[in-house]
Amino acid sequence: MTRTPPPRLSTRGLSRDYGPVRVVDDVSLQFHAGTIHALLGENGAGKSTVVKMLSGVIQPTEGEVLLDGSPLELSNVREGQASGIIALPQELTLVPTLSVAENIFLGMKRPGRRVLHQPRVLSRDARAQLDRLGQKLPMGVPVRELSAVQQTMVALARALVRDARVLILDEPTASLTDSETEQLFAVLRSLREQGTTIIYVSHRLEEVFALADEATVMRNGRHVWTRPIAELDQDQVISAMIGRAQGQLFPDRATGGGDPVLHADGVAGYTVDDVSLTLRRGRVLGIAGLAGSGRSELLRILSGAERAQRGRVLLGDDDLTGRSIAARMSAGVVLVPEERRSQGLVMTHSIASNIALGNYPSLSTAGVASPSREAATASRLVDDLQIRARSIRQRVNELSGGNQQKVVLARYLERRPSVLLLDEPTRGIDVGTKAEIYHLIRRLADEGVAVAVVSSEIPELLGVADEIAVLHDGRLTGVVDAATATEESITHLCYRKSDR
Amino acid sequence: MISHLARPGLGLARLAPYGTLLGFLGLIVLFSVLKPAVFLTPLNFTNVLEQIAILAMVSAVQTVVMVVGDFDLSVGALASLVGVIVAQLLVQGMSPVPAVLLALLVGLLAGAVNGFLVAYLGLSAFIATLATMTSFTGLALLLSNGATVFGLPDGFVWLGQGRLGPLPMPVVVAALVVAAVWFLLSATVLGRSWYAVGGNAEAARLSGVNTRLVRFSAFLVSGLGSGLAGVVLTARLASGHPTAGDPLMLSSIAAVFLGITLSRAGQPLVAGTLVGLGIVGVLNNGLNIMQVNSYVQQILTGVIIVLAVSLSRLSRRRR
Amino acid sequence: MISHLARPGLGLARLAPYGTLLGFLGLIVLFSVLKPAVFLTPLNFTNVLEQIAILAMVSAVQTVVMVVGDFDLSVGALASLVGVIVAQLLVQGMSPVPAVLLALLVGLLAGAVNGFLVAYLGLSAFIATLATMTSFTGLALLLSNGATVFGLPDGFVWLGQGRLGPLPMPVVVAALVVAAVWFLLSATVLGRSWYAVGGNAEAARLSGVNTRLVRFSAFLVSGLGSGLAGVVLTARLASGHPTAGDPLMLSSIAAVFLGITLSRAGQPLVAGTLVGLGIVGVLNNGLNIMQVNSYVQQILTGVIIVLAVSLSRLSRRRR
Amino acid sequence: GGEATTPDPAETTAGGDVTVTVVTPYLANAATKEVIDLFTAEGEERGWEVSVVDTAGDMNKLNSAFQDAAAQQPDAIVLGTGDPTQISLGLKAAADAEVPVFAIDAGEAEGFAANVTSDNADLGDQSAKALIEAMGGEGQVVMMTHDPHPGVRARAEGARQAFEAAGITVLEEKHVNVPGPVDDARTSVQDILSARGGEVTGIWGGWDEPALGATQALEAAGVDGVPVVGVDGQDFALAAIEEGGPFVATVKQDWPAIAAKVAELVEDQVTNGTAPDQKNYELPGTLITAD
Ligand SMILES: Nc1ncnc2c1ncn2[C@@H]1O[C@H](COP(=O)(O)OP(=O)(O)OP(=O)(O)O)[C@@H](O)[C@H]1O
Ligand SMILES: Nc1ncnc2c1ncn2[C@@H]1O[C@H](COP(=O)(O)OP(=O)(O)OP(=O)(O)O)[C@@H](O)[C@H]1O
Ligand SMILES: [Mg+2]
Ligand SMILES: [Mg+2]
């Protein structure tokens, strides 16, 4: 009998309760040195909860975590870090007012640098880290002035800079575009070579197959199985996750429609510059571009969330330029924002009140809210979108990331818009539900809604859109037919300067 | 689990279990045991209610401002100012009803100024209301010439000293104000918008809420309520004093903060504010009744408040 | 782009262009034009410095507490208490140096109590420091028996009334305190941790910052600084008075808030606080010099502060 | 920059006009306000330019106000009530600028050219005696005090001695909070009545506002026969006494006489160069009752 060394990190009978509910139930896992281990499961399956217990953010109700075979009691993140367990949480946790360098080294005890703050040294070291990720970020500005992708890169750099024995990444690529993802994978592979244990949570299965050595599937808080990636295919994983076989991922394309509904005429903002495009009834327009290319800003200008510095926005003959968000929403133009926590949700409020927010015109009488209608609406949407929650009264900060995203979607869908602007709508959503959202988008389009979708996943745009508009550095570099476009042709446009 | 906002009701169900409420009950038990013959009488009960009635009006409207995530430091000075104004009008022979209405209008206008500065000019509520507080105090002193304005008609004084059945009038008015604020906060779209703006202003804005108007309206309510409190205070004292309302500022914010310790969402609730008021009122009354030395009474007040609030920490689940 | 936070320096580069600074300069120009012969003299300049010196110490440490996202309402009461204690010790014959050290220790302890309540028990800073404020005031009244404690030795009084070269001692002490706080905030890892906790405590915690210790330390600094302010105040008044420091509370928070309007990140900066202090000091001095009626002066103070701060809105980029 | 450019006195007091600056920490107090107004009127009658600076209870600022005032080189500075032990710095600034300082109702101190005051101990004594008489020479009293104010503290001391001499027990001394003294006193007395029932047979107010609060508490509780006295003789107190309720007496300070005396001393000093012959002038107060 050969004595194998104990796994780098393992769990024994790990369970976690929130109140009366057990969200992780008797999970025993083993993570070995020098491997990348994917943790998979539907939204709300308990992946992030496991990750939090491994890194000391929360403590298990039962069971234990073992490092190199010996039990480990982590009462906070600091103790986890001291043991070499470093986690990148699912939700962005940066200090918005601090600089890139300060965020990267925040909370790190660096020998010889524990008392004095030396910004120059800090910036130099930070830049070295970002170089590994192939990122050039402005070092001086507070991170809140960076785009969502850039912020994710900062958070990644923060996780990578701490000599991790165990590195846990909870959906690091949810908002990354392909090129950033590739850079990240290169770094992760080299860490694997050096013997680091990597635990990787993601809903992008292609990535998992490209990167991981082993995969664990969780369902309803329980461990389903752990297998080597080489023995698996995507359908197996999906059916293990959702407990049944997956139907068709993408719906069929539009057949009819096409009347122009919303028209942007030479709009400009901070990054967006002189963009003109048209959304058509019954059609889905995908919007592609690199990080920071101004995709989000374009939608924000169309929806009134940000004032256009130039240009006009027309809804039919109706000039919306200068109208408030509320006025545009009443006119039927609705934006589902990119960042669910900072822009979408009132985190301490319930699912029901988050859905009601923005729908009061139909959920009240003479200014008095109707709790029964609010509840009925919320219940219906929770069922429709399969939001996994104990009740519609549960606070959204107790939901898993993907389910929070669904609550945001639910609010805006209930407005029954005629123009729907979606910014990264499937960020953090599991494959099963993604398919449903794609079908939902198509159903809305078929009912006559004009849809725009911003996404960092080009395959997603190819699958769901009729046409794809591509932005580079705020300018439109082309609008192509999705049926004939390929990933390569879109990527090409993403990098190409507009020929004006 | 219980909804935070979707269900109206006095909101007791939304309170965290135990917590500061325990502290409040503890205080009642303490004084009941120590001085049963005095503390536990209907008369003393009415006294306590009467003593906190005016503070209750201000705390109720302060609750609204704090729901949207701001403070109103000018409430006390405004109550003083409006009190002086109504007294001046009455002394100059105006009859009570128009005098009161005019004074309330001043309160509303003052609230509009605060609201404009905070919601539309974007000043921080602290600076804006500290500045208006200073100006209101100056105005009150100027209008009253720094002195007590007295000689008010009985019809008016009844508002502060009369009774409706067994209840002192200030208690009746306070009950109406609290009920109105409770209704606004828990049953109306405006109330939910206040909570949404306080919870996440950007999310509210992107949901089509006119966040500026919503914040503005909170200060309007605060101005009106503070003005009313000033009117009742003047009636209760049968005279207008240019600084009579000033202590209301810190106490009202304290009552709301005490109440927040009872809220699961970390946002103020009318029910929580009532408990906060109860603590302030019972503590003061009880220590007076115990005949504690005035200075020691101050020391104890601080200590007991800390103890009462710390109880809410015992019932807190670990993070 | 200009470095936002990564670069030390007095932090002027981090200030929003124009803004409240304009308001401050506007005030100086105003009074210079209206009363050049009095306002623009070195003597008056020293007077203004001396007048804001004690407030400057408290505002500097209040800045630290507000950087971590809290308030300290007890600063004024603590200054009073420590002032009474040092006066009592001196009157009882202790020599100045040990008396001052002992008094500062009391300040530090009081800060530790506040820090414990806020950082470790998790009470809201408002409630916790309001409660300790009440207790500190009660203690100061009790220890002084409500009266002024006087008859302090000259060696001690020199700390408040003496001069070092042309500079009054309180100005020298205030400069040291401000410099120390500035150094802590901008050049130490602890200072950056204060900013991190104030910017997003949850993010800081998940990055491995000991957020409790960091908040606790902010209150320690505040207690020590308030205690020192109380000592210097007592020396300046040549007597200990149980409520002498009380006005420092609101003024210090106001100075920090005024300063925040100059910060791009919306977080307090020492440089901003200095401008806030400048506004408070110049406004008070200037209006006194103009011999404006006291009540009108209060009205104007509010109005001018609003105007000065509103200027910062003109230079703000629209959202 | 050492070479001081202290303004030439002739420049600021152009044309030989007399300027007087009044500084006070208590302008929001009606009695203080009254005497300062009276003094201002006296001064203006004499053709002086009188300005008033209030520091709203802030003693540190009071010193600053002295400095500001001294920097302007007025002919005199008048302190309108306040504690001389806390303003040595301000007095020094005035002395350095060679500006004489007169005090109204402050107390005797080195830096004052003179202090003109009511005898606060006497005010306390007179009011206490009026209360004792109204109680029929016996009983137990509650005192409403505010020790941080030196004048009120002296009155309380005077009253305490009078009660002791007459064999009256002081049940409780209740500190009245400022601002908001009327309501605070009302609340305290309401609670004291609950706790002590009929034990209390008289209430002494350190100034008129707490006395008014006590009166209202007694009336609201329907308690008869417990007299209240105040000190200061403010208008509202006189009105309350006239009504014939529990408020039976107050001691009016002779503000007109005090203001006139200070103005006279200032005039002597400034125009005639004669220093006051006394450091301290104490003018008696007048007891006012319903009769
Ligand atoms: N603080 C909390 N209180 C109550 N329930 C919670 C809390 N945090 C998480 N849960 C519940 O635990 C379950 C598992 O959540 P978790 O975040 O681990 O899911 P996940 O697998 O990471 O999902 P996703 O893919 O959507 O991120 C969910 O049903 C969620 O509602
Ligand atoms: N108010 C603003 N002030 C300054 N810069 C801004 C502002 N709004 C957006 N930007 C900048 O404009 C650029 C485009 O931002 P936008 O969020 O639209 O990009 P995006 O294509 O959606 O990228 P991402 O994938 O990062 O979300 C970013 O670099 C961002 O920093
Ligand atoms: Mg998750
Ligand atoms: Mg984007």
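Note on naming: letters A, B, ... go to the chains in the order of the sequence lines (proteins, then strands), and numbering restarts at 1 for each one. For clarity, every value in this text was computed on a predicted model and none was experimentally measured.
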Original post:
Does a sphere of radius 6.0 Å around CD in D:Glu44 hold more than 12 heavy atoms from other residues, nucleotides or ligands, not counting ones at 6.0 Å or beyond?
Top reply: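 Yes.
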
**OP:** Assess whether atom CD of D:Glu242 is packed by more than 12 heavy atoms of other residues, nucleotides or ligands within 6.0 Å.
**Re:** no

[atom2] on [Y] to [atom1] on [X], rounded to 0.5 Å:
X: B:Thr148; Y: D:Asp235; atom1: OG1; atom2: CG; result: 9.0 Å
X: D:Ser188; Y: B:Asn285; atom1: OG; atom2: CG; result: 10.5 Å
X: B:Asn47; Y: D:Leu193; atom1: CG; atom2: CG; result: 9.0 Å

Subject >> Result of checking D:Glu173, D:His146, D:His175 against B:Ser294 for side chain to side chain contact (heavy atoms under 4.5 Å, CB included) >> reply: D:His175

**OP:** Ignoring hydrogens and angles, tell me if any N or O in the side chain of D:Arg186 forms a donor-acceptor pair with the backbone of B:Arg236 under 3.5 Å.
**Re:** yes

Original post:
Hey, is the main chain of B:Leu237 close enough, under 3.5 Å, to the side chain of D:Gln216 for a donor-acceptor pair?
Top reply: yes

**OP:** Please tell me if the side chains of D:Asp191 and B:Gln51 come closer than 4.5 Å, counting only heavy atoms from C-beta onward.
**Re:** yes

Original post:
Are B:Ser239 and D:Leu212 close enough that some pair of their side-chain heavy atoms sits under 4.5 Å apart?
Top reply: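 They are in contact (side-chain heavy atoms under 4.5 Å apart), so the answer is yes.
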
**OP:** Begin from the C-alpha positions of D:Lys174 and B:Gln291 and carry the test side-chain hydrogen bond (donor to acceptor under 3.5 Å, both in side chains) through to its verdict.
**Re:** CA-CA 9 Å; D:Lys174 196 79 195 165; B:Gln291 300 160 15; over 6 Å; no

Measure distances from [X] to the heavy atoms of chain D and classify the residue's part below 4.5 Å as side chain, backbone, both or neither.
X: B:Val292; value: backbone
X: B:Ala238; value: both
X: B:Tyr295; value: side chain
X: B:Asn293; value: neither
X: B:Leu233; value: side chain

Would you mind checking which part of [X] comes under 4.5 Å of any heavy atom in chain B, side chain (CB onward), backbone (N, CA, C, O), both or neither?
X: D:Asp37; result: side chain
X: D:Glu172; result: side chain
X: D:Asp208; result: neither

Original post:
Which atom names give the shortest non-hydrogen contact between B:Pro247 and D:Pro179, and what distance separates them?
Top reply: CG-O, 3.3 Å

Original post:
D:Glu219, D:Glu209, D:Gln234: which one forms the most heavy-atom pairs within less than 4.5 Å of chain B?
Top reply: D:Glu209

Original post:
In terms of heavy-atom pairs under 4.5 Å, which option from D:Thr32, D:Asp183, D:Ile192, D:Asp184 contacts chain B the most?
Top reply: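 Of D:Thr32, D:Asp183, D:Ile192, D:Asp184, D:Asp183 has the most heavy-atom pairs under 4.5 Å with chain B.
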
Original post:
So which of B:Val38, B:Ile289, B:Asn288 has the largest heavy-atom pair count under 4.5 angstrom toward chain D?
Top reply: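 It is B:Asn288.
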
**OP:** Just do the side-chain contact (heavy atoms from CB on, under 4.5 Å) check on B:Gln298 and D:Asn177 with the steps written out, would you?
**Re:** CA-CA 11 Å; B:Gln298 284 207 43; D:Asn177 285 315; 4.1 Å; yes

